[in-house]
Amino acid sequence: MQNAITEVLAGRRVESVSGGGRLDLRLAGGVTVRVAHEFRFAAPSFAAPQEVGHFFPALTVQPGATLLALVGRTVDTALITLAGGLELGFAGGGALSVPPHAQLAPWSVLTAGGEVCAGLPGGEVRWEEHAREHGRECGTAPAREPGGV
């Protein structure tokens, strides 16, 4: 089964990168990737890094040239790790890795429709729809109503 987070993120163009007390990547289609705790960014990749940055948004993040270079690129890969972290790869180079955290929710993905996929404390990952009527894991397809198509 295809990972639902991949369906939401892959192929979306990065429209803006902003910092402060968190890192926000605003993507085409009204999707936002929000990082509220430490993360690493490698360019062009973690497999063959020429540059690696370790960031702590709680101490405020002012995106430098490497992060700002993501504007205009598309998300090539998106993966939720078995431990509950988030990993993104970008076309043209760049990889973002957000590890899980024992006490904080380190990352979330917000869609234009109000759905939220979030890494929760302890590595749990949860997908919640706008009205919070149906919870599901981010890596699974939406639940279908009985008798639904």
Side-chain angles (χ1 to χ4, degrees), residues 1-46 53-101 103-145 148-149:
M1 178 187 316
Q2 188 175 12
N3 189 330
I5 199 71
T6 300
E7 292 176 21
V8 170
L9 297 177
R12 293 195 187 268
R13 181 180 177 277
V14 178
E15 295 182 338
S16 70
V17 176
S18 61
R22 65 179 184 231
L23 175 72
D24 279 350
L25 301 177
R26 297 202 188 276
L27 308 179
V31 174
T32 300
V33 176
R34 182 162 288 156
V35 179
H37 198 58
E38 73 172 300
F39 66 94
R40 292 177 301 141
F41 183 80
S45 69
F46 283 112
H54 198 168
F55 301 89
F56 297 91
L59 301 175
T60 69
V61 171
Q62 294 305 321
T66 306
L67 286 172
L68 292 173
L70 292 175
V71 175
R73 294 185 187 171
T74 58
V75 176
D76 193 33
T77 61
L79 170 72
I80 296 172
T81 68
L82 292 176
L86 178 67
E87 295 183 355
L88 303 178
F90 299 89
L96 179 78
S97 178
V98 186
H101 193 280
Q103 298 175 329
L104 302 170
W107 63 268
S108 59
V109 175
L110 299 84
T111 70
E115 296 173 317
V116 177
C117 184
L120 301 176
E124 180 183 354
V125 177
R126 171 86 55 200
W127 183 283
E128 295 193 8
E129 295 182 27
H130 179 62
R132 297 184 181 230
E133 296 172 341
H134 306 95
R136 62 180 162 120
E137 294 180 13
C138 295
T140 63
R144 292 192 174 154
E145 297 296 325
V149 179

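Since the model is a prediction, treat every value here as computed from it, not as a measurement. Each residue takes its place number in the sequence, starting with 1.
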| Going from CG on Leu27 to OG1 on Thr111, what distance comes out if it is rounded to the nearest 0.5 angstrom? | 11.5 Å

| query | Are the side chains of Arg34 and Arg26 in touch, meaning some heavy atoms are under 4.5 Å apart? | reply | yes

| task | Would you confirm whether Thr77, through its side chain, and Gly89, through its main-chain N or O, come within 3.5 Å as a donor-acceptor pair? | result | yes

| Which distance, rounded to the nearest 0.5 Å, do you find between the CG of Leu86 and the SG of Cys117? | 8.0 Å

| Tell me, do Val75 and Phe90 make a side-chain contact under 4.5 Å, heavy atoms counted? | yes

| task | Any pair with a residue in residues 81-98 that passes side chain to side chain donor-acceptor pair (under 3.5 Å), sequence neighbours left out, goes on the list, sorted by first then second residue, please. | result | none

| remark: Scanning both residues in full, the closest heavy-atom pair of Pro63 with Ser18 reads CG-C, 3.9 Å

| said: Give me the atom names and distance for the closest heavy-atom approach of Ala36 to Ala105. | reply: CB-O, 3.9 Å

| field | Side-chain donor or acceptor of Arg73 paired with backbone N/O of Val14 under 3.5 Å | value | no

| Closest contact, heavy atoms only, Ala112 versus Gly29 | CB-O, 3.3 Å

| Approximate separation, where rounding is to 0.5 Å, of Leu9 CG and Leu79 CG | 11.0 Å

| query | How are the rings of Phe39 and Phe55 set to each other: parallel, tilted or perpendicular (split at 30° and 60°)? | reply | parallel

| message | Going by side chain to side chain contact (heavy atoms under 4.5 Å, CB included), Val109 matches just one of Thr32, Val8, Leu25. Which one? | response | Val8

| task | Mind checking the OG-CG spacing from Ser16 to Leu70? Nearest 0.5 Å is all I need. | result | 11.0 Å

| query | Do the non-hydrogen side-chain atoms of Val125 and Trp107 ever get within less than 4.5 Å of each other? | reply | yes

| said: With a 4.5 Å cut-off on side-chain heavy atoms, are Glu38 and Pro99 touching? | reply: yes

| said: For the CG atom of Leu23 and the CD atom of Gln62, what is their distance to the nearest 0.5 Å? | reply: 10.5 Å

| said: Quick check: closest heavy atoms across Pro106 and Gly119, and the distance to 0.1 Å? | reply: CD-O, 3.3 Å

| query | For Ala43 and Thr66, which heavy atoms make the closest approach, and how far apart are they? | reply | CB-CG2, 4.2 Å

